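Here's the structure, in structure tokens; my notes come after.
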Protein chains: 2
Amino acid sequence: MGKRGSITIEDVAKAAGVSRQTVSRVMNNKPGVKPAVRERIEEAIADLGYVPNLAARRMGGARSFLIMAINDRQRTIENWSAGRGNDWVDQMLYGGMLACEKRGYHMLFELVDTEPDEAVRQVRRVLSSLQPDGFILTQPHSENLALADLLTDLKRPFVRIGLPNEDIDAAAIHMDEAAAAETAVRHLTDLGHERIALMAGSAEYRGSYYRKKGYRAAMEEAELTPLIEAAEFHFENAAQLAKEWLSRDDRPTAIIAENDEMAFAILHVADAMGIEVPKSLSVISFEDTPGVRFSVPPLTAIRQPTAAMIARGCELLMDAAEGGAPEGDQVVPFELIERETTGPAPE
Amino acid sequence: MGKRGSITIEDVAKAAGVSRQTVSRVMNNKPGVKPAVRERIEEAIADLGYVPNLAARRMGGARSFLIMAINDRQRTIENWSAGRGNDWVDQMLYGGMLACEKRGYHMLFELVDTEPDEAVRQVRRVLSSLQPDGFILTQPHSENLALADLLTDLKRPFVRIGLPNEDIDAAAIHMDEAAAAETAVRHLTDLGHERIALMAGSAEYRGSYYRKKGYRAAMEEAELTPLIEAAEFHFENAAQLAKEWLSRDDRPTAIIAENDEMAFAILHVADAMGIEVPKSLSVISFEDTPGVRFSVPPLTAIRQPTAAMIARGCELLMDAAEGGAPEGDQVVPFELIERETTGPAPE
DNA sequence: CTGAAAGCGCTTACAG
DNA sequence: CTGAAAGCGCTTACAG
């Protein structure tokens with residue numbers, strides 16, 4: 001027992017009749033240990049229930065076994081304090097914690113301000129105090145050049161959640177936005193729809209660009225006329241636009257909205273105008289936050305694979321911490337979740 | 001600079017012209033440093049942007065600056081994987097992370113199985129690997145005697161989120177359930193209600209006991225006849241019971257439900273029976289999860305002060321890590337959030 | 001294939 | 001009030 005009461009590498013070494021370096025080799029799966037000795041050591045580890053002290057490991061010069069995600073401080077706190085829940089954080093933890101614990105790592109996250117100088121200062125702090133083996137930059141930090149530079153200069157592995165960014169040399173982890181839009185269109189054309197509109201988010205959001213592209217491609221392939229307008233991801237704008245669209249003689253029989261909030265607005269307007277969903281109007285959303293199940297009817301949606309993206313990010317970083325080859329951008333599969341807002345096109 | 005590139009205590013010592021022990025004293029707010037020297041050191045720390053390496057601090061024999069919350073593994077993962085969000089985890093993080101970071105600590109949490117042997121094994125692991133300064137046991141782990149024994153034996157400070165438990169000698173952090181029920185009743189009597197029912201959860205849930213007690217006391221005070229039945233926190237049971245109650249000639253004009261799910265069921269049944277809420281029926285819930293805002297109409301509810309309870313727990317543990325006196329049980333204030341399901345009693 | 005030595009960056013007694 | 005010494009539990013070269 002160590003002087004502080006827990007079992008140490010020295011205890012294992014004694015029990016197995018070897019030196020602590022040899023135990024260390026076994027713990028770290030390094031080659032050059034005779035099978036018989038390795039077995040003896042593994043037995044001793046199991047018998048004693050030995051678990052290495054991470055602080056000591058870190059001090060010895062190894063990794064910290066910590067993966068740090070960086071999140072938008074203000075937005076996260078706002079969501080929490082409004083009691084609104086926080087789907088992003090939940091799914092991030094779901095994907096990240098489980099991926100990390102499988103390999104003996106721990107995931108934690110830090111709330112960081114978006115202002116670049118402040119962000120750099122805060123990340124520097126965790127760098128010094130916790131010395132994580134890798135960083136996951138989530139939106140909007142994944143586009144923060146100052147942060148990317150800091151991490152690059154300090155040679156700390158990091159990945160970005162988001163579309164590739166020319167100015168940052170780090171793996172980008174994202175879903176195929178264009179393919180998702182295509183899938184949404186195809187789901188609707190399969191149901192016989194011909195007048196399918198895309199309610200876009202904002203031009204500043206880079207995903208929108210690819211979604212429009214995918215939408216256009218799928219519409220073209222089906223020989224249909226595209227109808228796109230932006231509503232900036234806001235309820236009010238979306239309601240306004242939905243009212244316009246649904247008042248037309250040749251009104252769309254289906255609308256794809258780029259986020260849940262706009263989809264809710266569409267449902268709201270349709271209800272007010274006496275247009276039944278999905279009988280007279282189909283709606284698909286991009287996002288799939290928990291509130292979606294409470295809408296009437298529950299929304300069919302493209303689900304953002306947040307958990308899978310974060311899990312993939314952790315994998316890359318753990319690989320890097322273990323000296324693995326650097327990997328490139330990652331495209332994570334999305335899913336179309338059919339609920340009750342899509343149905344056959346009206347006659 | 002340390003050999004690994006970051007600024008160390010040695011750098012600060014050199015810059016301030018003192019030994020590293022003196023710097024350590026200043027960092028840890030220990031007495032016995034001449035004010036002038038202290039100032040010089042503080043300046044050097046600021047100039048160099050020095051942040052101590054936590055792993056080294058831990059190795060030196062100090063605290064780890066880590067507070068570990070223990071959560072129900074299965075339930076948490078189920079919620080996440082169903083995409084349902086996880087209000088408990090969100091609010092726990094909200095309260096805990098911010099409380100910890102204010103004092104230079106970090107909060108993390110671990111998903112632990114409820115089976116006692118397995119739980120002990122898992123907590124032993126984090127104890128050895130991360131050596132947290134304190135543990136927060138959340139439900140149902142807060143009632144796990146094996147875990148309490150382990151932590152007690154190892155002299156690790158811990159607090160429990162939940163009602164006091166005779167068998168466990170650790171601070172219990174909870175809200176005043178009886179007072180909350182009284183508040184709910186009083187809110188309704190103030191609105192003129194006289195037939196107020198309590199839809200209880202399950203007798204196994206200890207909070208239910210106090211809520212019933214508070215409800216009875218408040219009803220007695222108002223000279224009203226209590227009406228209590230249990231629906232086990234389930235939607236179906238609650239719907240059944242609501243149907244029964246609302247079919248009576250002297251049906252209640254107000255129902256207090258012990259969780260959101262049962263309150264939703266009541267709204268559902270009322271709607272189906274053509275009973276308008278809040279015009280003909282008022283409903284109050286205990287819980288206030290994010291879904292509450294999506295109900296029609298939005299639920300008036302007693303909000304569980306999860307964030308505040310966890311923050312309080314972290315405070316106690318940080319105090320203990322710093323040698324503070326052990327504090328006793330903590331009652332955290334709740335809040336009644338008025339939304340749209342309560343109104344004046346019908347004529 | 002295995003072990004003796006040195007060191008990581010701190011803190012904790014102990015001297016003075 | 002301040003510093004020299006020892007040590008925490010590991011890993012990393014380096015010997016053999």
Side-chain angles (χ1 to χ4, degrees), chain A residues 1-41 45 48 50-66 104 127-131 133 321-323, chain B residues 1-41 45 48 50-66 104 127-131 133 321-323:
Chain A
M1 300 265 280
K3 307 218 163 138
R4 288 175 195 154
S6 41
I7 291 159
T8 72
I9 195 172
E10 208 66 53
D11 300 315
V12 177
K14 246 175 244 159
V18 295
S19 72
R20 60 177 190 278
Q21 293 88 300
T22 308
V23 177
S24 174
R25 275 182 201 108
V26 171
M27 292 285 314
N28 294 293
N29 277 313
K30 294 205 174 163
V33 181
K34 232 189 285 186
V37 177
R38 183 179 292 273
E39 204 171 307
R40 197 143 39 93
I41 293 173
I45 289 173
L48 296 170
Y50 169 64
V51 179
N53 174 335
L54 281 193
R57 259 180 133 163
R58 174 69 202 139
M59 285 310 288
R63 340 160 227 169
S64 61
F65 293 89
L66 260 25
L127 223 28
S128 308
S129 61
L130 261 8
Q131 311 197 297
D133 292 329
E322 286 158 20
Chain B
M1 302 262 279
K3 306 215 165 143
R4 286 176 197 157
S6 39
I7 291 160
T8 73
I9 195 172
E10 208 67 53
D11 300 315
V12 177
K14 244 174 247 161
V18 296
S19 72
R20 61 176 189 277
Q21 293 88 298
T22 308
V23 177
S24 175
R25 275 181 200 109
V26 171
M27 292 286 314
N28 294 294
N29 277 313
K30 295 206 174 161
V33 180
K34 230 189 284 184
V37 177
R38 182 178 291 273
E39 205 170 307
R40 199 147 31 98
I41 292 173
I45 289 173
L48 295 169
Y50 169 64
V51 179
N53 174 335
L54 281 191
R57 256 177 137 166
R58 174 70 203 140
M59 285 309 289
R63 350 169 214 158
S64 61
F65 293 89
L66 261 25
L127 224 27
S128 309
S129 61
L130 260 9
Q131 313 198 293
D133 292 329
E322 287 159 20

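In this text, all values refer to a predicted model and were calculated from it rather than measured experimentally. Letters A, B, ... mirror the listed sequences (proteins, then strands); counts begin at 1.
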Problem - Under the side chain to side chain contact (heavy atoms under 4.5 Å, CB included) test, residues paired with S64(B) that sit two or more places apart - result: R58(B), L66(B), D133(B)
Problem - Contacts of type side chain to side chain contact (heavy atoms under 4.5 Å, CB included), residue R20(B), not counting sequence neighbours - result: I9(B), E10(B), A13(B)
Practice task
Please check the phosphate of dC10(D) (OP1 and OP2 only) for any side-chain N or O of Y50(A) closer than 4.0 Å.
Solution key: yes
Practice task
Using atom CG of L54(A) as one end and atom C1' of dC8(C) as the other, report the distance to the nearest whole Å.
Solution key: 15 Å
Practice task
Look at the side-chain N and O atoms of T8(B) and state whether any lies under 4.0 Å from the OP1 or OP2 oxygen of dG9(C).
Solution key: no
Practice task
Take N28(A) and R57(A), measure what side-chain contact (heavy atoms from CB on, under 4.5 Å) needs, and give me the verdict at the end.
Solution key: CA-CA 11 Å; N28(A) 294 293; R57(A) 259 180 133 163; 2.8 Å; yes
Problem - Atom pair distance, as rounded to whole Å: CD1 in I7(A) and P in dG9(D) - result: 12 Å
Handout entry: Side chain to side chain, T8(A) and N53(A), heavy atoms closer than 4.5 Å
Key = no
Handout entry: For R63(A), all residues meeting salt bridge (charged side-chain N to carboxylate O under 4.0 Å, His left out), sequence neighbours excluded
Key = E322(A)
Practice task
Give the rounded distance in Å between these two atoms: CD of E39(B) and P of dT2(D).
Solution key: 13 Å
Exercise for the section: Figure out the CZ/C1' separation between R38(A) and dC1(C), and round it to whole Å. Expected result: 11 Å
Practice task
Take the protein atom CZ of R57(B) and the nucleotide atom C1' of dC8(D), then report the distance between them rounded to whole Å.
Solution key: 15 Å
Exercise for the section: Write down the distance between CZ (R58(B)) and P (dC10(C)), rounded to a whole number of angstrom. Expected result: 15 Å
Exercise for the section: Name the residue closer to the 5' end of DNA chain D, choosing between K34(B) and I9(A) according to the nucleotide with the nearest heavy atom. Expected result: K34(B)
Problem - Under-4.0 Å side-chain N/O to phosphate OP1/OP2 contact, T22(A) with dG3(C) - result: yes
Exercise for the section: Could you check G32(A) against R20(B) and say which one's nearest nucleotide on DNA chain C is further toward the 5' end? Expected result: G32(A)
Completion exercise
Residues pairing under salt bridge (charged side-chain N to carboxylate O under 4.0 Å, His left out) where one sits in residues 26-36 of chain A, two or more places apart or in two chains, turn out to be none
Problem - V51(A): partners by side chain to side chain contact (heavy atoms under 4.5 Å, CB included), with sequence neighbours left out - result: R125(B), S128(B), S129(B)
Practice task
To the nearest 0.5 angstrom, please state how far the OH atom of Y50(A) sits from the CD1 atom of I45(A).
Solution key: 7.5 Å
Handout entry: Runs of at least three Watson-Crick or G-U pairs with DNA chain C, cut-off 3.5 Å
Key = C:1-3 with D:14-16, C:5-12 with D:5-12, C:14-16 with D:1-3
Practice task
Tell me which of A56(B) and S19(B) sits closer to the 5' end of DNA chain D, going by the nucleotide each one is nearest to.
Solution key: S19(B)
Problem - Atom-to-atom span, CG of D11(A) to P of dC8(D) - whole angstrom - result: 12 Å
Handout entry: With sequence neighbours excluded, residues passing ring pair (Phe, Tyr, Trp, His ring centres under 6.0 Å) with F65(B)
Key = Y105(B)
Between the protein and nucleotides 12-16 of chain D, which nitrogen or oxygen pairs are less than 3.5 angstrom apart?
| from | atom 1 | to | atom 2 | distance (Å) |
| --- | --- | --- | --- | --- |
| dT12(D) | OP2 | K30(A) | NZ | 2.8 |

Exercise for the section: Can you tell me the distance, in whole Å, between the CE atom of M59(B) and the P atom of dC8(C)? Expected result: 13 Å
